[in-house]
Asker: 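Sharing a structure below in structure tokens format, with a few things to ask.
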Amino acid sequence: MIIQSKNFNIQQIADSGQCFRMNKIGNNKYSLVAYNKYIELAQVDRELVEISCSSQDYDEIWKEYFDLDFDYGIIVDRLLRGPDEFLRKAVQFGDGLRILKQEPFETLISFIISQNKNIPAIKRSIEKICERYGEQKEWNGIYYYTFPTPEQLADAREEELRSTGLGYRDEYVIKAARAALKGDLNLGALKDCCYKEAITQCKGLRGVGDKVASCIALYGLHHLDAVPVDVWISRTIEKIYNYNFDWEVYNGYAGIVQQYMFYYIRNIRNGSLMKDGGEDEIHRKA
DNA sequence: GCCCAGGAATGTA
DNA sequence: TACATTCATGGG
């Protein structure tokens, strides 16, 4: 079905580093596996996206998944009219970004895997885990694998997990799956508490620090105040702002601001930005 | 072959 | 508290 929405660009979302199972399959076309479903997305026009799903699945899953009840234009306009030149350019560049509401358990495992890995390697590992521990399903002749449940992952053997390229993270993944299964970590409940508490709880898991916990809070629990600070964000705070940046200015949507920032610095000039250049270079190219 | 990756745990001062 | 080192593997 065709969805009309402002600030909804599937290419930008696919390349925003928040999800790992959204892949380009053609011109302005992407596939996505989430919530045990496979869909294809096509950017028909600037404000038109075609989703290969029933109206029932749209109402029950995808409308929520893409956060389509929220008007990101409010945030975009506010930043465009704001005093921060770097952020003005960042939102212009990524004005179709949205914060997805991904499955908490998948988000937890995915970002545990993400530590000290590049995005193609993360995707590859996750896909192998789905093939080995998830379920095979079919949609219109296309076979895909669901992301494993905590039960399916909890009794995996470490050596078997290793073959998916996890490296030393294998024990982290198993322990997290068992914690989710036993209820030591109740991800569902963490949606309702404040973001700081959610981050603290997630950090109780081995292999989960501030950054990964913030990713879980933002992308899996939709705590918009959670701000994942990875190497790129911290490089930006250093080189663009000279360590002078206050997230509290953006109270209530700091995580979204972080997303515009991340997408901008990662994707402008082919990603190899400000290794030793800094502010001048970034603005010249912008 | 080399450097780095949407980091975290551990050790050292 | 503030850095430095180590970790296993793959992409570019």
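From a predicted model like this one, the values you see are computed outputs, not experimental measurements. Chain letters run A, B, ... following the sequence lines, proteins first and then strands; every chain starts at 1.
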Asker: What is the nucleic acid contact for A:Phe111, judged by heavy atoms within less than 4.0 Å: base, sugar-phosphate only, or nothing?
Answerer: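 No contact.
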Asker: If you look at every strand shown and take non-hydrogen atoms under 4.0 Å, does A:Glu171 touch a base, only sugar-phosphate, or nothing?
Answerer: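 The residue A:Glu171 makes no contact with any strand.
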Asker: Under the 3.5 Å rule, do the base of B:dG7 and the side chain of A:Tyr172 count as making a donor-acceptor pair?
Answerer: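 Looking at the base of B:dG7, it does not pair with any donor or acceptor on the side chain of A:Tyr172 (distance under 3.5 Å).
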Asker: How long is the line joining CD of A:Glu127 and P of C:dG10, in whole Å?
Answerer: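 It works out to 16 Å between those atoms.
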Asker: One pair to check against side chain to side chain donor-acceptor pair (under 3.5 Å): A:Gln18 and A:Ser16. What are the steps and the verdict?
Answerer: CA-CA 6 Å; A:Gln18 60 175 311; A:Ser16 68; 3.2 Å; yes
Asker: Between atom CZ in A:Arg162 and atom C1' in C:dA8, what is the gap in whole Å?
Answerer: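 Going from A:Arg162 (CZ) to C:dA8 (C1'), I get 6 Å.
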Asker: With rounding to whole Å, what would you report as the distance between B:dC4 and C:dA4 at their P atoms?
Answerer: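 It comes out at 16 Å once rounded to the nearest Å.
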Asker: Counting any heavy atom closer than 4.0 Å, what does A:Asp170 reach on the DNA or RNA strands: base, sugar-phosphate only, or nothing?
Answerer: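 The residue A:Asp170 makes no contact with any strand.
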Asker: Taking everything shown except A:Arg124 itself, do over 12 heavy atoms lie less than 6.0 Å from its CZ?
Answerer: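 Counting neighbours around CZ of A:Arg124, 12 or fewer heavy atoms of other residues, nucleotides or ligands fall under 6.0 Å, so no.
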Asker: Given side chains that start at C-beta, do those of A:Phe66 and A:Val49 come closer than 4.5 Å, heavy atoms only?
Answerer: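 The answer is no; the side chains never approach within 4.5 Å.
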Asker: Tell me which of A:Arg206 and A:Ser16 sits closer to the 5' end of DNA chain B, going by the nucleotide each one is nearest to.
Answerer: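 Whichever sits nearer the 5' end wins; that is A:Ser16.
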Asker: Roughly how many Å apart are C:dG11 and B:dG1, using the C1' atom of each and rounding to a whole number?
Answerer: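 Per the computed distance, 14 Å lies between those C1' atoms.
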Asker: What is the minimum heavy-atom distance between A:Ile174 and A:Leu161, and which atoms define it?
Answerer: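 In terms of heavy atoms, the two residues are closest at CG1-CD1, 3.4 Å.
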Asker: Considering heavy-atom distances to DNA chain C, does A:Pro120 or A:Lys117 have its closest nucleotide positioned more toward the 5' end?
Answerer: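 Counting from the 5' end, the first nearest nucleotide belongs to A:Lys117.
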Asker: Without decimals, in angstroms, what is the distance between A:Gln115 CD and B:dA9 P?
Answerer: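 The answer, rounded to whole Å, is 8 Å.
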Asker: If you look at every strand shown and take non-hydrogen atoms under 4.0 Å, does A:Gly207 touch a base, only sugar-phosphate, or nothing?
Answerer: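 Counting heavy atoms under 4.0 Å across all strands, the contact made by A:Gly207 is with sugar-phosphate only.
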Asker: Take atom CD of A:Glu158 and atom C1' of C:dA8, then tell me their distance rounded to the nearest Å.
Answerer: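 Going from A:Glu158 (CD) to C:dA8 (C1'), I get 13 Å.
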Asker: May I have the distance from A:Phe20 (atom CZ) to C:dG11 (atom P), rounded to whole angstrom?
Answerer: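 One finds 15 Å between P of C:dG11 and CZ of A:Phe20, rounded.
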Asker: On the nucleotide C:dG10, are OP1 or OP2 found under 4.0 Å from the side-chain N or O atoms that A:Arg124 carries?
Answerer: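 No, outside the criterion.
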Asker: Rounded to whole angstrom units, what separation is found between the CD1 atom of A:Ile119 and the P atom of B:dA5?
Answerer: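 Rounded to whole Å, this separation is 11 Å.
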Asker: Between C:dC3 and B:dG6, how far apart are the two P atoms, rounded to whole Å?
Answerer: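 Approximately 24 Å lies between the P atom of C:dC3 and that of B:dG6.
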Asker: Check whether more than 12 heavy atoms from other residues, nucleotides or ligands sit under 6.0 Å from atom CD of A:Gln56, and answer yes or no.
Answerer: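 No.
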Asker: Categorize A:Arg169 for me: base, sugar-phosphate, or nothing, with a 4.0 angstrom heavy-atom threshold over every strand shown.
Answerer: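 Base contact - A:Arg169 has a heavy atom under 4.0 Å of at least one base atom.
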Asker: Closest-nucleotide mapping onto DNA chain B: is A:Leu205 or A:Asp230 further toward the 5' terminus? I mean the 5' end.
Answerer: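 By nearest-heavy-atom nucleotide position, the 5'-most residue is A:Asp230.
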Asker: Does any donor atom in the side chain of A:Tyr145 or A:Gln136 lie under 3.5 Å from an acceptor atom in the other side chain?
Answerer: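 Their side chains do contain a donor-acceptor pair, which is all the 3.5 Å distance test asks for.
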Asker: Ring centroids only, cut at 6.0 angstrom: are A:Tyr72 and A:Tyr253 within range, meaning strictly under it?
Answerer: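 No, too far apart.
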Asker: From the set B:dG6, C:dC7, C:dT9, return the single nucleotide nearest to any side-chain atom of A:Tyr168.
Answerer: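 Out of B:dG6, C:dC7, C:dT9, the nucleotide with an atom closest to A:Tyr168's side chain is C:dC7.
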Asker: Return the value, rounded to whole Å, for the distance between atom NZ of A:Lys123 and atom P of C:dG12.
Answerer: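 Roughly 11 Å, once rounded to whole Å.
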Asker: If you measure from the ring centre of A:Trp232 to the centre of the six-membered ring in the base of B:dG6, is it under 5.5 Å, with the planes under 30° apart?
Answerer: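 No; centroid distance or tilt outside limits.
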Asker: Using only modelled atom types and a 3.5 angstrom limit, is any donor from either the side chain of A:Asn116 or the base of B:dA8 paired with an acceptor on the other?
Answerer: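 Not at all, since no donor on one side and acceptor on the other fall under 3.5 Å apart.
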Asker: Just compare C:dG10, B:dG7, C:dA8 and give me whichever is closest to any side-chain atom of A:Lys211.
Answerer: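 For A:Lys211, the side-chain atoms sit closest to B:dG7.
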Asker: Starting at atom CD1 of A:Ile216, determine the distance to atom P of B:dG6, rounded to an integer number of angstrom.
Answerer: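 Going from CD1 in A:Ile216 over to P in B:dG6 covers 17 Å.
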Asker: If the P atom of B:dA9 is compared with that of C:dG10, how far apart are they to the nearest Å?
Answerer: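 After rounding to an integer number of Å, I get 23 Å for this pair.
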Asker: Hey, is the side chain of A:Tyr219 pairing donor to acceptor with the base of B:dG6 inside 3.5 Å?
Answerer: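 Yes.
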